[in-house]
Amino acid sequence: MRHAQTAVLERGERYTGGFATEPYEVAWAGEARFFVQVVDGAPGTTAVLTTQLSPDGLTWADAEDAAPREIDGATAGMVTWRIREFGGWLRLRGEVRGAGDEGPKLRIYLVAKE
Amino acid sequence: MSVDLGETGEAVRRGTLAANPALSRFSPLPRILTYDDFNTGTNGWTELIGNYDGNGNLSTVDDHMRDFRPPQLSNCTFFDTGTHGALTGTYALKLATRPYVGHTATAIRRLTMARKGLVQLETYFTYKAEATLGTDTANNSFGGVTWDGNLHPSEAQFGALTVATDICGDGGLRYHTVMRYRNTTVDNELDRRWVYPVVPEPTPREHLEGKAKLAYGADFTAPDPADWHAASEPMDMCFNEVPTKVNWHYLRWVIDTEARRNVELQVNTNVLDLRDVPVPAYAERYDSLDNLLNFYFSVRTHSGVRNFLYLDSVLVSVDW
């Protein structure tokens, strides 16, 4: 059987500006997929999400073949994308645009497979 | 049902264990309940979370129990030397905190009891604080430790690691057995003692009943540092100088679910008799937990630097 693992990187934080998820080790995996879900929306907001890679969990670069993804932060919804050949570590760099005092509540899943 | 192999059977059992490279480094009781080699996956060790309402609304989870972080399968890679690997094979289970003072990462394994008696958990583990990269000379000193070519301030940036249970039976009588290596106090001073809590862990029901409300980053096992008592004198470990060298430690912990007691803790050459260490039970009974037998590991940062606990393998055995 192929090993597979789902990690809930963020469970429902509200974001109003820039953020990054915690480093997550996936050296064992050959493929992965992010799911970013707006659990509770904030009017007029957009979340822009960029996949990042790292050789050591300390220093990060944008993935060269994964364009930033956008999701409407106003209403409940979900966006997903795949990534391969990512080395040992994955995280998301995010930016919520248009937020006032309260941004959208996001849930972020990383699903990795051998 | 209890295991009685007789003299010959016991000799065969011991010989079989000794001849098995994966098991010969353990000293299991007669029945192996679980053997977790993290080269084969997470083996049921998963993130702990507090309880939530009937709508799956995770905003109803207690603040101090909503962010224990997902365990990772790590090949123990570091910035200076690359992949270290585990004690055996490539992968270890890694618990990683956030860089936030008081944050705790927790992995739990959920079983039930088919009988009561001795339960023994063995593991090969190591612990680290995240390496700091930069140019600030202030980073050469932390928590009273100054880099001298041997000692490294990273050692004082590691807070505590904990191995514990959550057990319930006999009509809802619930208790935890808990052993913590308190590397530093919450004030970041080296302590290096094994400690245990004298109060039961605050539960979501107690919060709902208005008895407990803890903040994010609170110590979920026992929030008041005064409620942790020493089970040992300071015990040196092999942190090995810098945050990027990994030396695996052996731990063997025995409890008695019949007597609801701790029994013994072995860490490398040190053996602690824990039979006089109290195990506080909840005053109220709990439903839906009959024969609960959970094990958890946690790691807590007192410095705000990410803290890591790595487990190469875990073996749980019983005398049933």
Side-chain angles (χ1 to χ4, degrees), chain A residues 1-15 19-42 53-61 76 78 86-92 102-114, chain B residues 38-43 45-47 49-50 52 55-61 63 65-86 89-100 103 105 107 128 130-134 216 243-244 305-306 308 310:
Chain A
M1 301 291 287
R2 297 167 70 188
H3 182 63
Q5 184 183 10
T6 297
V8 185
L9 299 181
E10 290 295 343
R11 191 166 282 115
E13 288 295 305
R14 289 193 184 278
Y15 297 100
F19 67 94
T21 60
E22 286 294 288
Y24 201 78
E25 296 204 35
V26 282
W28 58 270
E31 60 184 74
R33 179 173 282 277
F34 283 102
F35 294 85
V36 178
Q37 186 178 357
V38 176
V39 178
D40 188 18
L53 314 180
S54 173
D56 56 10
L58 299 171
T59 306
W60 298 86
M78 189 162 74
F86 36 72
W89 307 72
L90 280 172
R91 77 171 187 181
L92 285 188
E102 190 169 82
K105 183 182 285 189
L106 303 182
R107 189 169 298 158
I108 301 174
Y109 296 93
L110 174 62
V111 180
K113 198 173 286 186
E114 199 165 9
Chain B
F38 298 109
N39 290 298
T40 64
T42 51
N43 283 269
W45 291 93
T46 187
E47 180 177 355
I49 187 173
Y52 49 82
N55 286 312
N57 179 2
L58 299 182
S59 297
T60 61
V61 176
D63 285 339
M65 296 192 78
R66 64 176 165 82
D67 189 29
F68 285 145
R69 310 309 303 156
Q72 307 176 44
L73 291 169
S74 170
N75 60 359
C76 307
T77 291
F78 301 100
F79 80 93
D80 55 347
T81 54
T83 296
H84 191 297
T90 302
Y91 295 105
L93 192 75
K94 176 186 180 182
L95 282 63
T97 73
R98 286 186 190 270
Y100 182 93
H103 184 262
K128 288 283 148 185
E130 187 173 64
T132 299
L133 303 184
Y216 183 87
T244 54
V305 174
R306 286 188 186 91
F308 307 136
Y310 298 88

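Letters A, B, ... are given to chains in the order of the sequence lines, protein chains preceding strands, and every chain is numbered from 1.
- Counting all heavy atoms, side chain and backbone alike, A:Val36 lies closest to A:Leu92 at CG2-CD1, 3.8 Å.
- Residues A:Ile108 and A:Thr21 have side chains in contact (heavy-atom distance under 4.5 Å, counting atoms from C-beta outward).
- Counting heavy-atom pairs closer than 4.5 Å to chain A, the top residue among B:Ser59, B:Gly41, B:Pro71 is B:Pro71.
- For B:Phe79, the parts lying near chain A are the backbone and the side chain together; criterion is any non-hydrogen pair under 4.5 Å.
- The greatest number of non-hydrogen atom pairs below 4.5 Å with chain A, out of B:Asn75, B:Leu58, B:Thr83, is found for B:Leu58.
- Counting non-hydrogen atoms of other residues, nucleotides and ligands closer than 6.0 Å to OH of B:Tyr52 gives a total of 12 or fewer.
- No donor-acceptor pair closer than 3.5 Å links the side chain of A:Arg91 to the backbone N or O of A:Glu22.
- Only the side chain of A:Glu13 comes within contact range of chain B, with heavy atoms under 4.5 Å apart.
- Contact of B:Thr81 with chain A is not made at all, since no heavy-atom distance falls under 4.5 Å.
- A 4.5 Å side-chain heavy-atom check between B:Ile49 and A:Arg11 finds at least one atom pair inside the cut-off.
- Interface remark: B:Arg306 contributes side-chain atoms only to the contact with chain A (heavy atom separation under 4.5 Å).
- Contact detail for A:Arg14 and A:Glu102: the closest heavy-atom pair is CD-CG, 3.4 Å.
- Between chain A and the residues B:Thr40, B:Leu73, B:Thr46, the most heavy-atom pairs under 4.5 angstrom are made by B:Leu73.
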